[in-house]
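What you are looking at is a predicted structure, and each value in this text was computed from that prediction instead of being measured. The chains referred to below are lettered A, B, ... by the order of the sequence lines, with proteins before strands, and numbering in each begins at 1.
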Amino acid sequence: MDLSAISPTLLVASLMVAATPILLAALGEMVVEKAGVLNLGVEGMMIMGAVTGFVAAIETGSPWAGFLAAAIGGAAMALLFGLLTQVLLSNQVATGLALTLFGLGLSALIGQGYVGIKATSLGRIDLGALSDLPFVGRVVFGHDPIVYLSLLLVLGVWAFLRFTRAGLILRAVGESHDAAHALGYHVRRVRMLAIAFGGACAGLGGAYLSLVRVPQWTEGMTAGAGWIALAIVVFASWRAERVLVGAYLFGGITVLQLNLQTAGARVPVELLSAAPYLVTILVLVLISVRAGRGGAAPADLARPFHAST
Amino acid sequence: MIRLERRPTPSRAWGAASPLLAVALTMMAGGLMFAALGKDPVEALRTIFWDPVMGEFAWYFRAQLLVKAAPLVLIAAGLAIGFRAGIWNIGAEGQYIVGAIAGAAAGLAFHPSESVLIFPLMVVCGALGGFLWAMIPAVLKVTLGTNEILVSLMLVYVADNLLASAAVGWLRNPEAVGFPGSRNLAQWEASANPELIAGTGMHWGVVAAVIAVIFAHVLMTRHLMGFHIRLAGQAPRAARFAGVAPARLVLFCLGLSGLLAGLAGLFEVTGPAGQISIDFASGYGFTAIIVAFLGRLNPLGIVAAGLLMAVTYVGGDNAAANLGIPGAAISAFQGMLLFFLLAVDVLSNFRVRVGRGALA
């Protein structure tokens with residue numbers, strides 16, 4: 001094994017790329033859960049974003065149109081979930097699972113004519129001399145716009161939840177929908193908006209996979225990324241800045257195991273491929289040791305709201 | 001203005017009618033989907049739902065129905081018990097894979113013996129494999145409170161990699177040069193799970209599914225454990241006051257569903273699939289979630305739901321061969337069915353009122 005073949009600069013740079021889809025999806029899901037809704041359909045929304053984004057980018061020739069379509073596709077799937085859970089008051093866990101199963105099937109159907117085509121990728125932002133700096137240039141100034149967008153989004157969500165009135169209302173709805181309702185806030189409307197935002201973020205994350213990271217469409221290409229995003233929300237104890245830490249940690253593990261595979265480490269390939277999932281379990285275990293039962297979860301998470309009761 | 005008014009108790013009539021309504025709605029939406037694909041919707045629905053059961057070649061398809069329904073019913077019967085208690089094992093796919101690997105490994109260790117004890121040993125090891133794989137989220141849940149949904153799901157991906165390493169590495173057939181996959185278990189007499197009555201598709205997995213359904217039915221309606229499970233699902237607080245230990249329920253429900261999923265995997269690998277190969281995982285563990293809900297989490301309903309889902313598999317293959325409808329359309333169709341079912345369920349818990357009523 002030749003560990004020196006692994007360049008730390010490239011490792012950090014590719015870590016950020018690998019983490020971005022999960023970061024976007026986890027950030028959206030965190031807002032949804034802050035509003036008291038558990039949407040287990042992240043995987044389904046991501047893969048729908050991946051396919052709609054890819055198809056739109058191929059048909060229009062513009063990756064930006066792809067990302068826009070992906071956000072709309074993800075949000076449309078999320079609103080389907082919202083309609084069922086908020087208006088028709090179905091069980092959130094079951095509906096989220098349904099969303100994932102449906103999304104995996106529908107995306108395969110939509111994408112069947114697009115397998116094996118290569119997408120036009122997003123260019124890196126070129127900042128001239130800054131991008132040529134050693135290490136810092138590649139890691140800080142050498143990414144595509146979506147990486148920066150995801151970081152801005154982390155900042156935006158953090159500030160929104162912490163400093164704005166709307167953020168306070170959203171948190172109130174998540175902690176006690178009855179109290180929020182009694183104060184005259186529209187619980188269902190707030191939750192629908194949060195769900196749509198979560199779906200759009202998951203869709204963007206999915207499109208980042210199919211348009212930048214891979215960049216191709218293959219059936220089931222999210223391979224559990226949506227579920228890892230859900231785990232990261234728990235890991236982050238529902239805080240935006242920790243979502244960033246969690247997502248980059250997982251990006252790091254993914255990239256490291258890929259690098260170890262190519263460097264020919266004397267570890268079975270299957271064990272390396274399973275590493276991100278094993279680490280997710282390990283992290284969930286460590287979190288539950290630390291937080292005890294319940295922990296920092298919003299108090300009304302996954303509880304249905306009906307104004308008559 | 002349309003309002004929903006909560007019923008004091010869920011309506012039994014709607015509870016029974018909603019799966020039928022959901023199936024009808026799914027067929028309509030599915031027809032639209034097929035029309036959008038440029039196929040004749042009536043022709044497509046007939047190919048999927050009518051031909052396998054009543055059509056010209058139904059004698060061939062009917063045998064396939066039991067082969068597809070057996071693992072679905074076996075897994076769903078276990079999952080439904082957990083879902084009743086609010087314990088979400090969604091990693092049945094992983095337990096199914098590990099059950100198949102554990103059972104196959106136990107049998108292959110004695111190759112080429114022809115002892116009659118080998119198949120029973122494999123059955124026990126398959127069940128044990130699924131059970132132990134499900135015990136990982138169960139033990140983590142009861143000792144540390146770790147979320148069982150995420151852990152059981154993550155273990156599906158770990159099981160997938162375990163399957164890959166078994167197929168290309170430690171369980172690979174040493175006599176097949178260059179080909180991945182284990183020895184053919186269906187062709188080795190000591191390990192084969194053959195068709196018991198020719199032309200029916202009935203194998204030991206079907207027998208096990210029938211036994212599991214009867215067991216689950218008795219458990220849920222006649223046994224104290226079944227009462228505790230239903231109580232914990234409907235009124236967790238009341239259950240705690242009544243002395244129901246949540247930890248025991250978690251271990252029992254996850255263990256049982258893992259055991260049944262492991263059995264399903266073992267019967268599949270020794271019969272219809274024949275060997276441990278990279279593409280052994282077929283998604284039965286996920287489809288079984290739909291089957292469990294479609295069957296109203298009721299063991300007898302699950303049999304009907306499993307058969308219906310088997311029809312969509314067999315009919316879907318038929319439609320793919322004859323009409324060129326892509327296989328993915330069938331999984332979209334199955335997902336749609338679960339959506340409609342959950343949506344229609346609002347009618348059993350709420351009354352729909354039109355007009356302005358008195359404010360509560």
Pairs of heavy atoms under 4.5 Å with chain B: top-ranked of L99(A), I110(A), V87(A), T100(A):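 Sorted descending by pairs with chain B, the first entry is L99(A).
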Which residues, numbered in order, of residues 180-188 of chain A come under 4.5 angstrom of chain B by heavy-atom distance? none
Residue pair [X] / [Y], side-chain heavy-atom distance below 4.5 Å:
X	Y	answer
T85(A)	L342(B)	no
W227(A)	I90(B)	yes
D160(B)	E270(A)	no

Separation between [atom1] of [X] and [atom2] of [Y], rounded to the nearest 0.5 Å:
X	Y	atom1	atom2	result
N91(A)	D345(B)	CG	CG	9.5 Å
L155(B)	Y277(A)	CG	OH	12.0 Å
L341(B)	S90(A)	CG	OG	10.0 Å

Chain A interface, residue from [options] that has the most non-hydrogen pairs under 4.5 Å:
options	value
F293(B), W88(B), F333(B)	W88(B)
A343(B), A159(B), G169(B), G283(B)	A343(B)
V158(B), N147(B), T287(B)	V158(B)

Taking atom CD of E219(A) as the centre, does the number of heavy atoms from other residues, nucleotides or ligands within less than 6.0 Å exceed 12?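 Count not over threshold, so no.
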Quick check on R7(B): does its CZ atom have over 12 non-hydrogen neighbours (other residues, nucleotides or ligands) under 6.0 Å away? yes
Within the distance-only criterion (no hydrogens, no angle test), does the side chain of Y157(B) pair as donor or acceptor with the backbone N or O of G224(A) below 3.5 angstrom?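 Flag set: sc Y157(B) to bb G224(A) pair under 3.5 Å.
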Go through the steps to decide whether M154(B) and I228(A) satisfy the test side-chain contact (heavy atoms from CB on, under 4.5 Å), and finish with yes or no. CA-CA 8 Å; M154(B) 286 297 135; I228(A) 291 181; 3.6 Å; yes
Which residue, L286(A), I287(A), V285(A), forms the side chain to side chain contact (heavy atoms under 4.5 Å, CB included) with L144(B)? V285(A)
Audit row: L150(B), T280(A), side-chain contact (heavy atoms from CB on, under 4.5 Å) steps and yes/no: CA-CA 9 Å; L150(B) 293 172; T280(A) 308; over 6 Å; no
Part of L163(B) lying under 4.5 Å from any heavy atom of chain A: neither
Contact part of V168(B) toward chain A, heavy-atom cut-off under 4.5 Å: side chain, backbone, both or neither?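 For V168(B), side-chain heavy atoms alone lie under 4.5 Å from chain A.
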What closest approach, in Å, do S273(A) and N161(B) show between heavy atoms, and which atom pair accounts for it?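 Minimum heavy-atom separation between S273(A) and N161(B): CB-OD1, 3.3 Å.
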Nearest non-hydrogen partners of A108(A) and A328(B), listed with the distance: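 Residues A108(A) and A328(B), closest heavy atoms: CB-CB, 3.4 Å.
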Could you check whether the rings of F339(B) and F102(A) sit parallel, tilted or perpendicular, using 30° and 60° as the cut-offs?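 Answer is perpendicular, since the angle exceeds 60°.
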Take M33(B) and L109(A) through the side-chain contact (heavy atoms from CB on, under 4.5 Å) test and state the conclusion after the steps. CA-CA 10 Å; M33(B) 180 173 80; L109(A) 190 60; 3.8 Å; yes
So which part of L230(A) gets closer than 4.5 Å to some heavy atom of chain B, the side chain, the backbone, both or neither?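 For L230(A), backbone and side chain are both near chain B.
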For side-chain contact (heavy atoms from CB on, under 4.5 Å), just list the numbers for I149(B) and V93(A), CA-CA rounded to whole Å, side-chain angles, deciding distance to a tenth of an Å, and then say yes or no. CA-CA 9 Å; I149(B) 300 178; V93(A) 174; 4.2 Å; yes
